[in-house]
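Take a look at the structure below.
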Amino acid sequence: MKSFLNNIRKNSIFALAGFVVLGILLVIFPDKVANIAGYIAGALGIGFGVTKIIGYFSKSPEKNVTVFGLTIGILFALAGIYIITRPILFQTLSSVFSA
């Protein structure tokens, strides 16, 4: 039990340090960090979409794959491409939805 609490304490300290560094970077370079966040969000969207599309066409017998998965995959991939080409849109949407 004591080692479990020590692990939680260590993880909390690492998370705290990471968030402090991220906060400092956001204060010093707000536009660059927002652009990088847009690129990361776009890459995650493309990755998720491609994974869903590949999962649809693999048609593994143990997976219940529907056309809905293919549709979601295409939409996420297109949204990811759009966000990467226009990262300012991600900045605008994230500020609107976080407020």
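Numbers here simply count residues along the sequence, with the first being 1.
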For residues 7-27, run the donor-acceptor check on the side chains, cut-off 3.5 Å, and write out each pair with its distance to 0.1 Å, sequence neighbours left out.
{"residue": "N7", "atom": "ND2", "partner": "S3", "partner atom": "O", "Å": "3.4"}
{"residue": "R9", "atom": "NH1", "partner": "N6", "partner atom": "OD1", "Å": "3.4"}
{"residue": "N11", "atom": "ND2", "partner": "N7", "partner atom": "O", "Å": "3.3"}
{"residue": "S12", "atom": "OG", "partner": "I8", "partner atom": "O", "Å": "2.8"}

Please tabulate, one pair per line, all N/O donor-acceptor pairs under 3.5 Å involving side-chain atoms of residues 33-51, not counting sequence neighbours.
{"residue": "N35", "atom": "OD1", "partner": "Q91", "partner atom": "NE2", "Å": "2.8"}
{"residue": "T51", "atom": "OG1", "partner": "G47", "partner atom": "O", "Å": "2.7"}

Can you give the donor-acceptor pairs under 3.5 Å from side chains of residues 70-83 to other protein atoms, not counting sequence neighbours?
{"residue": "T71", "atom": "OG1", "partner": "V67", "partner atom": "O", "Å": "3.0"}
{"residue": "Y82", "atom": "OH", "partner": "R86", "partner atom": "NE", "Å": "3.3"}

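Once rounded to the nearest 0.5 Å, the distance linking CZ of F57 with NZ of K52 reads 13.5 Å.
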